[in-house]
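Written out below as structure tokens is the structure these notes cover.
All values derive from a computational prediction rather than experimental measurement. Here is how names work: the chains are called A, B, and so on, in the same order as the sequence lines, proteins then strands, and each is numbered from 1.
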There are 2 protein chains.
Amino acid sequence: MTYSIGQVADRLDISPYTLRYYDKEGLLPFVDRNAAGRRRFKDNDFNFLEVIVCLKEAGVPVKQIGNFIDLCMTGDATLQDRYDFLAEHEANLEQKMARLQHTLDFLRWKKWYYKTALQAGTERIHYLPGTNQVDPAVHAEFEQLVADGASPKALGELSFK
Amino acid sequence: MTYSIGQVADRLDISPYTLRYYDKEGLLPFVDRNAAGRRRFKDNDFNFLEVIVCLKEAGVPVKQIGNFIDLCMTGDATLQDRYDFLAEHEANLEQKMARLQHTLDFLRWKKWYYKTALQAGTERIHYLPGTNQVDPAVHAEFEQLVADGASPKALGELSFK
DNA sequence: GCTTGACCTAGAGCTAACTCTAAATTCTAT
DNA sequence: ATAGAATTTAGAGTTAGCTCTAGGTCAAGC
């Protein structure tokens, strides 16, 4: 069974343009061509494509993905390199997710900030008296609620009175 | 207390070029200037800067961050819009983190794939007999180990024999 | 007073990752 | 058999987000 570039594009939810671009960049050396020069993807090719999509999602630049594919085409001598490559990007991704968790926490605290302002009808409730500067104690108040067991996500929900 | 662009750049680990670019894009309308036209950041400005950095990390495009800052400068009439903006990007970020978790899971299964190949000395142990195609049962085997309680992260570690 | 470094603007340049165009060919369905 | 859709290539164009250059001003230390 083989698949045209359009069929693969549909299945992976990627445009044919993008697939050809990846091919040009050396990411698809495993793809066969028919007599007329058209790409014929095999079932096994999806194993590679899955890896490419995964590494893209992990934020690995196209060129580096190309390096990895090169290792794959070289054979058993590169097994350790391929393992190391994946281990490195696993670590990178773990760090990125930890950063994003902090970002999400921050977003939730700001949501709570606006929820409480909204309920008061004005942002001034968060300002130091007589100024337009945010009172640092406001953040501390939020942190205290969390420390007392409240869910940061629920605290910011408007339905949560 | 005020701060120069260089001091702010150091503190946020962002280049002064980037800060000026953000200013040009309308992200820093709150920054004062001294008599000579140099930017003087106030302590309260860091509240805005924190939000900008957070939204950037969350993947919000610079233009949209500018829209949010505009809302902030407008006053209490936009409190609901600001809340909605943050709620939308909270949801986006939650989805993104869920996708990244799947990506991380995939990366770990592939690491296990290479760990086991490495221990066998060849990738052929994962192929269907007499072919160069990966046996789909290999992934199923990994999934079974996870279902039986193994940690996906630990399964891929080389020290885990 | 002078030098060194930080800052200013306008605008050019850069990179990554697409995204599309043009002109030609091939495949598919009637 | 033929119309229309899909595919091919080379190469141009686009966008976001910086990043830097040039030419000038300003501020702090010796």
Side-chain angles (χ1 to χ4, degrees), chain A residues 1-42 45 48-49 51-70 89 92 96 99-100 103, chain B residues 1-42 45 49 51-69 89 92 96 99-100 103:
Chain A
M1 193 56 194
T2 66
Y3 309 87
S4 71
I5 196 170
Q7 291 170 319
V8 173
D10 285 346
R11 177 157 155 191
L12 300 184
D13 204 26
I14 283 179
S15 79
Y17 294 143
T18 302
L19 281 170
R20 289 192 200 99
Y21 162 70
Y22 287 168
D23 199 1
K24 217 184 288 191
E25 294 297 310
L27 269 57
L28 312 180
F30 48 83
V31 178
D32 291 339
R33 302 288 185 126
N34 69 7
R38 300 196 166 186
R39 294 173 184 83
R40 295 289 109 178
F41 291 77
K42 305 172 292 300
D45 293 349
F48 289 104
L49 291 167
V51 171
I52 289 168
V53 167
C54 164
L55 292 173
K56 277 245 69 215
E57 178 74 22
V60 181
V62 167
K63 256 175 200 141
Q64 284 188 50
I65 300 178
N67 297 151
F68 181 78
I69 298 290
D70 286 346
H89 291 292
N92 290 348
K96 181 181 191 162
R99 278 201 311 278
L100 287 181
T103 300
Chain B
M1 192 55 196
T2 66
Y3 309 87
S4 71
I5 196 171
Q7 290 169 319
V8 173
D10 284 347
R11 178 157 153 190
L12 300 184
D13 204 25
I14 283 179
S15 81
Y17 293 143
T18 302
L19 281 170
R20 290 193 200 99
Y21 162 70
Y22 288 167
D23 199 2
K24 216 184 292 189
E25 294 298 310
L27 269 58
L28 312 179
F30 48 83
V31 178
D32 291 338
R33 302 286 185 128
N34 69 7
R38 300 195 169 184
R39 294 175 185 82
R40 293 289 110 180
F41 291 77
K42 304 173 293 301
D45 294 349
L49 292 167
V51 172
I52 290 168
V53 167
C54 164
L55 293 173
K56 276 247 70 216
E57 178 73 24
V60 181
V62 166
K63 256 174 200 140
Q64 285 188 48
I65 299 177
N67 297 151
F68 181 80
I69 298 292
H89 290 293
N92 290 347
K96 182 181 189 162
R99 278 201 311 281
L100 287 181
T103 300

Without decimals, in angstroms, what is the distance between [X] [atom1] and [N] [atom2]?
X	N	atom1	atom2	value
A/Y22	C/dT19	OH	C1'	12 Å
B/Y3	D/dA27	OH	P	20 Å
A/D23	C/dC18	CG	C1'	15 Å
A/L27	C/dC18	CG	C1'	13 Å
A/F41	D/dA6	CZ	P	16 Å
A/L55	C/dA17	CG	C1'	16 Å

Which one, [options], comes nearest to the side chain of [X]?
X	options	answer
A/K56	D/dT19, D/dA16, C/dC18	C/dC18
B/P61	D/dG17, C/dA17, D/dT7	D/dG17
B/K63	C/dT19, D/dA16, C/dC27	D/dA16
B/K24	D/dG11, C/dA10, C/dA17	C/dA10
B/T18	D/dT8, D/dT19, C/dC7	D/dT19
B/Y21	C/dT21, D/dG17, D/dT9	D/dG17

Using a 6.0 Å cut-off, check whether atom CG of A/D13 has over 12 heavy atoms from anything other than its own residue. no

Closer than 4.0 Å, any side-chain N/O of [X] to the OP1 or OP2 of [N]?
X	N	value
A/Y17	C/dA17	no
A/R39	D/dT9	yes
A/R20	D/dT8	yes
B/R38	C/dA6	no

Could you check whether [X] gets within reach of a base, just the sugar-phosphate, or nothing at all, counting any heavy atom under 4.0 Å?
X	answer
A/N34	sugar-phosphate
A/R33	sugar-phosphate
A/S4	sugar-phosphate

Does any non-hydrogen side-chain atom of B/T2 lie less than 4.5 Å from one of B/F41? no

Do A/M1 and A/K42 come within less than 4.5 Å of each other through their side chains, counting heavy atoms only? no

Under 4.0 Å between a Lys/Arg side-chain N and an Asp/Glu carboxylate O for B/D23 and B/R33? yes

Looking at B/E57 and A/R99, does any basic side-chain N land under 4.0 Å from a carboxylate oxygen? yes

